[in-house]
Amino acid sequence: MKKIIHSTILIAFLIWNSAVSQTTQQKVSLVELSKIDALFKEYLSKGWIKGITANIAVDGKTVYNKSLGNNLNRPFKTNDILRIASQTKAVTCTAVMILFDEGKFKLDDPISNYIPAFKNPKVLDKFNPSDSSYTTKPANHEITIRELLTHTSGLGYAQIGSPEMNAIYAKAGVEAGFVIHKKLLETEINRLGTLPLANQPGESWHYSLSMDVLGRLVEVTSGLSLDSFFKQRIFVPLNMVDTYFALPKDKHNRLSTVYTEDEKTHQVKVWKDGTFPGATINYPINKNGYFAGGAGLVSTSKDYGVFLQMLLNGGTYNGKRILSENSVNLMTTNQIGSIPFGDNTFGLGFEFVTDKGAKKFGKSVGSYSWGGFFGSNFWVDPKKKIVAQIYVQQWPFSHGEIAEKFQSIIYKAIN
């Protein structure tokens, strides 16, 4: 009888202990997460996408990691090497903040202290569309490192910016990250520094080549090329073994296919160079030598998930500290004050969810996110301990709402 009583007490204790431990972690419904498969299959069956990869971690543990659909010659796989495009920016910002932690510069230092080509910046005044000639007026102050980190520098974005800045950059030979011919970051950024700004520094938020400039700042202040700095200070410590500017030949077979939409029918087909003027999807394998801080990397969802988990952990991963907790806090809090940015705001390299944004879109206040040109999105939710990524490898992409639907399923599954 005593043995039965003791067993009953032990079982009750184990049940109680399990319940207590669950209160310290998010509860994840695998049944609800399985609805992600149905969502992806719907988009595949309707021909809106050819393939998709997603990775979700909660409390540091992977709860979903799948690929559906097909590359040109094989199925999409979870270890596909993906063109992460503008998700490169978060890595560049991290590199900048590593050097900030080491006292290499202050955030409000003028960038011209380190890249003299940006000394005495000028702002576009009048523009003649017939020949792309222009006049300028003096900027009201020097561009700061903080303004570069927040896209409030006044710079434009080659090929995807305003018609005026597109024309000025094209005439000067300045391009975004998907370059066809061999180029050096130093040469290109020095050229950019001689061109006019689209608007006064610190005046407004405009997506820009700011992160490419910061990539050059990393080179100048570290004495390393950007790819070497990334490898030594971020990729090797985090064991990110599949993240590169220039993909090794023995991994070319894992590089994902990129798709596009027919301009008239929206039928999805394989991307061919010329789809986006002046850009190539071969930039990871064409030996262009260009380490674009704003768009040059390829990676896997596993690698990039580790990078994001490091940020969620306050700068550490597996006992290795990459960033100070202070720098992570700076990156993931409002850094643009009252400058308009829709329903949210902007930190150092990330969109940052405000109370208004949380009520409208469902992410927790304090979540931070960004995405990439080829239909990718990620976000980190510190409150719910979520790291979520979704990759489509397609441009244009008429059905970007899939990311919000993906998000909705995740938040229902985690309670």
Side-chain angles (χ1 to χ4, degrees), residues 49-55 67-92 157-160 175-181 183 207 209 211-212 215 226-227 230-231 235 240-261 268-308 369-378 389-397 400 402-403:
I49 58 175
K50 289 291 186 181
I52 191 164
T53 297
N55 192 309
S67 291
L68 285 78
N70 291 288
N71 281 286
L72 180 59
N73 298 312
R74 60 173 176 79
F76 266 88
K77 298 178 181 179
T78 55
N79 72 339
D80 277 351
I81 294 174
L82 309 159
R83 294 165 181 82
I84 65 171
S86 285
Q87 291 183 202
T88 303
K89 291 177 171 67
V91 183
T92 300
Y157 215 134
Q159 297 156 284
I160 61 171
E175 299 176 299
F178 312 147
V179 301
I180 299 170
H181 305 293
K183 291 191 172 190
Y207 204 35
L209 290 170
M211 300 300 166
D212 297 79
L226 189 61
D227 66 328
F230 279 2
K231 182 177 180 180
F235 300 158
M240 294 171 65
V241 297
D242 288 321
T243 307
Y244 304 92
F245 279 111
L247 187 64
K249 192 171 182 178
D250 63 352
K251 296 187 178 185
H252 285 192
N253 64 327
R254 289 171 53 202
L255 187 60
S256 181
T257 303
V258 176
Y259 292 92
T260 186
E261 292 180 7
V268 177
K269 57 185 182 181
V270 173
W271 175 298
K272 293 182 179 179
D273 276 358
T275 297
F276 190 85
T280 179
I281 58 164
N282 293 323
Y283 61 90
I285 58 175
N286 70 359
K287 299 181 180 179
N288 61 39
Y290 192 58
F291 311 134
L297 290 175
V298 292
S299 188
T300 60
S301 63
K302 178 183 177 182
D303 268 17
Y304 205 80
V306 167
F307 169 72
L308 295 175
S369 62
W370 206 241
F373 184 80
F374 299 107
S376 64
N377 283 277
F378 72 81
Q389 307 168 75
I390 184 171
Y391 299 89
V392 178
Q393 298 294 275
Q394 181 176 317
W395 181 92
F397 183 38
I402 192 173

Point to revise | Separation of D303 CG from I81 CD1 (nearest 0.5 Å) | key: 8.5 Å
**Study point:** Which atom of Y259 lies closest to which atom of V268, heavy atoms considered
**Key:** CB-CG1, 3.8 Å
Review point. What about the rings of F245 and F230, do their centers lie closer together than 6.0 Å?
Key: yes
Check your understanding: W395 versus V258: any side-chain heavy-atom pair under 4.5 Å?
Key -> no
Point to revise | pair L82-Q393: side-chain heavy atoms closer than 4.5 Å | key: yes
**Study point:** Non-hydrogen side-chain atoms of Y391 and I84 separated by less than 4.5 Å
**Key:** yes
Review point. How about I390 and I52: do any of their side-chain heavy atoms sit closer than 4.5 Å?
Key: yes
Exercise for review: Please name the pair of heavy atoms, one in W271 and one in T275, separated by the smallest distance, quoted to 0.1 Å.
Suggested key: CE2-CB, 3.7 Å
Check your understanding: Do S86 and Y207 have side-chain N/O donor and acceptor atoms under 3.5 Å apart?
Key -> yes
**Study point:** Validation row, ring centre F374 to ring centre F178 under 6.0 Å
**Key:** yes
Exercise for review: Give the intermediate values and the outcome of side chain to side chain contact (heavy atoms under 4.5 Å, CB included) for residues F235 and V91.
Suggested key: CA-CA 10 Å; F235 300 158; V91 183; 4.1 Å; yes
Review point. Got a sec, which pairs hit salt bridge (Lys or Arg N to Asp or Glu O under 4.0 Å) with one end in residues 245-260, sequence neighbours left out?
Key: D242-K251, D242-R254
**Study point:** Test item: S376 side-chain N/O and G372 main-chain N/O as donor-acceptor pair under 3.5 Å
**Key:** yes
**Study point:** For Y304 against Q389, the heavy-atom pair lying closest together
**Key:** CB-OE1, 3.4 Å
Exercise for review: Check the surroundings of atom NE2 in H252: do more than 12 heavy atoms from other residues, nucleotides or ligands lie under 6.0 Å from it?
Suggested key: yes
**Study point:** Spatial distance of atom CZ (F76) from atom OG1 (T78) [nearest 0.5 Å]
**Key:** 12.0 Å
Review point. Looking at F378 and S369, what are the two nearest heavy atoms and their distance?
Key: O-CB, 3.0 Å
Review point. Is there a donor-acceptor pair under 3.5 Å between the side chain of Y244 and the backbone N or O of V241?
Key: yes
Review point. For G375, does its backbone N or O pair with a side-chain atom of Q394 as donor and acceptor, under 3.5 Å?
Key: no
Revision key, fill the gap. For residues 77-89, the salt bridge (Lys or Arg N to Asp or Glu O under 4.0 Å) pairs (sequence neighbours left out) are R74-D80
Check your understanding: Can the ring centres of F276 and F373 be said to be less than 6.0 Å apart?
Key -> yes
Exercise for review: First locate atom NZ of K302, then atom CE of M240, and finally report the distance between them rounded to the nearest 0.5 Å.
Suggested key: 11.5 Å
Point to revise | Step-by-step side chain to side chain contact (heavy atoms under 4.5 Å, CB included) determination, T243 to T300 | key: CA-CA 7 Å; T243 307; T300 60; 5.5 Å; no
Check your understanding: Which heavy atom of D212 sits nearest a heavy atom of G293, and at what distance?
Key -> OD2-N, 3.6 Å
Review point. Atom OG1 in T257, atom CG in N73: separation rounded to 0.5 Å?
Key: 6.5 Å
**Study point:** Check: T260 and P396 side chains under 4.5 Å, non-hydrogen atoms
**Key:** yes
**Study point:** Between Q159 and E175: side-chain donor-acceptor atoms closer than 3.5 Å
**Key:** no
Review point. What is the distance from atom CD1 of I180 to atom OH of Y290, rounded to the nearest 0.5 Å?
Key: 13.5 Å
Review point. Step by step, would you call F397 with I402 a side chain to side chain contact (heavy atoms under 4.5 Å, CB included)?
Key: CA-CA 10 Å; F397 183 38; I402 192 173; 3.9 Å; yes
Practice item. Could you tell me whether the side chain of I281 reaches within less than 4.5 Å of the side chain of D273, counting heavy atoms only? Key: yes
Check your understanding: Looking only at heavy atoms, which two atoms of A403 and N377 are closest? And how far apart?
Key -> CB-ND2, 3.9 Å
